[in-house]
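The structure under discussion appears below in the form of structure tokens.
Note that ligands are numbered from 1 as they come in the structure, with each ligand's atoms numbered from 1 the same way.
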Amino acid sequence: MAHIKLENVVKRFGDVVAVKDFNLEIHDKEFVVFLGPSGCGKTTTLRLIAGLETPEEGDIFIDGQRVNDLSPADRDIAFVFQFYALYPHLNVYDNIAFPLKAVKVEKSEIDAQVKRVAEILQISDMLKRKPSVLSGGEMQRVALGRAMVRQPKVYLLDEPMANLDAKIRVDTRAEIKRLQHEIGATTIFVTHDQVEAMSLADRIAVIHEGVLQQIGTPHEIYNRPQSLFVAGFMGMPTMNLLDAEPTNRDGASVLRLSHTDVHLHISPQRQARITSDAEENGLVFGIRPEHITAAKQPSKPHIPAQVHLIEPLGAVNILDMRLGTHSETEDPILLRVRTHPTFRVAVGDTIGLRFDEKEMHLFDRKTEQTLW
Ligand code: ATP
């Protein structure tokens, strides 16, 4: 279907650089999700690919053809926006048929196409209804149907589920994933919801302040973040990120978590990655709440810590553990730990923590790049 390539693409709005030196290759039939906080440049990048914005610098290619100067209509792309703009005076059938009628496709062909997508989207029994009597999820499916009926090379979906309630969102998510596999069209899906991104994407492109931070499979993005931003953005709750400094203890290299008594032994390989530049820039240690095990009886090599707060989330509990206190502000240094609800503790208890060594991360505070 389509292969998309962005080379050194830059887009500015006055003083705002919405997209900075963006390089990305999307393979044929791939499902790529653009993920990032509000205002990071996701929609602008999508609009550049669609031809609704023009890059100031760089090139955009679709199937090897440079499309910078092609109008949106000539790019063979279907765009579904966050706000599904259905024609209120047309019924579902005519809404879906609209793009085909506009290019004067034969009536029998239109009929076959509309019925085909209506079946896939499970809206065949609603074809005669007007949008005003449809639920949000149904309207969204009609908007998707209108995009699908064209069978374009590329689908661009900009937060297409933002207006749906939680249950319909989960159902529609599954539907979109199934559809994309069935149709096999290259798809770019924009969201700021990491669960949506993780569950839909072949690869996730994490964007921050117009810069592509990392592109990788959901597993790579979650488990091997290449920057402090990606590490801190993914996960609920997010990764624990604590200041740290390398030091020596009893002749061995250790990493001390700042303002605490926690000293972590580090292997020579990990030690070697802490360059003098990184040491000067400052270090940030990272570990996810699920990569820490808690035990009621602190014993070596457990790290003793005090329960500061308990957040019961149903299937799991999140414990905020106090590791120390900032010397200047007296604020507690906290670490979040995920435990099973049967692990019963009370605020004020001292328990033991153990970090999964394989899952420890370290970042350069200044460059924000991953060291381990
Ligand atoms: P959201 O998730 O909130 O939709 P986004 O990641 O899609 O955000 P963009 O809409 O691409 O972000 O915006 C990126 C930056 O460019 C923002 O700072 C935004 O204010 C700015 N911007 C986008 N479009 C325009 C425009 N037409 N004129 C001026 N500034 C714009």
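Less than 4.0 angstrom separates some heavy atom of Glu159 from each of these atoms of ligand 1: 2 (O). For ligand 1 and Ala18, the ligand atoms under 4.0 Å from any heavy atom of the residue are 14 (C), 15 (C), 16 (O). Each of the following atoms of ligand 1 lies closer than 4.0 Å to a heavy atom of Cys40: 5 (P), 6 (O), 12 (O). Interface of Pro37 with ligand 1, defined as ligand atoms under 4.0 Å from a residue heavy atom, comprises 6 (O).
Considering backbone and side-chain N/O of His192, none are found under 3.5 Å from N/O of ligand 1. For Glu53, no nitrogen or oxygen atom sits less than 3.5 Å from a nitrogen or oxygen atom of ligand 1, counting backbone and side chain alike.
Taking each of Glu209, Lys42, His208 in turn, the one with a heavy atom nearest to atom 6 (O) of ligand 1 proves to be Lys42.
Taking all atoms of both residues into account, the shortest heavy-atom contact from Pro55 to Asn68 is CG-ND2, 3.8 Å. When every heavy atom of Thr186 is checked against every heavy atom of Ala2, the shortest pair comes out as OG1-O, 2.6 Å.
Within 6.0 Å of atom NE2 in His265, 12 or fewer heavy atoms from other residues, nucleotides or ligands are found, so the atom counts as exposed in its surroundings. Around atom NZ of Lys296, more than 12 heavy atoms belonging to other residues, nucleotides or ligands sit under 6.0 Å away.
Using a 4.0 Å cut-off between heavy atoms, Val16 contacts ligand 1 through its side chain alone, with no backbone atom that close.
For Gly39, the heavy-atom gap to ligand 1 drops under 4.0 angstrom.
Between the side chain of Lys20 and the main chain of Glu209, a donor-acceptor pair closer than 3.5 Å is present.
Interatomic distance, CD1 of Ile310 versus CG of Asp320, reported as 9.5 Å (0.5 Å rounding).
Each ring pair (Phe, Tyr, Trp, His ring centres under 6.0 Å) pair with one or both residues in residues 36-69, not counting sequence neighbours, would appear here, but there are none.
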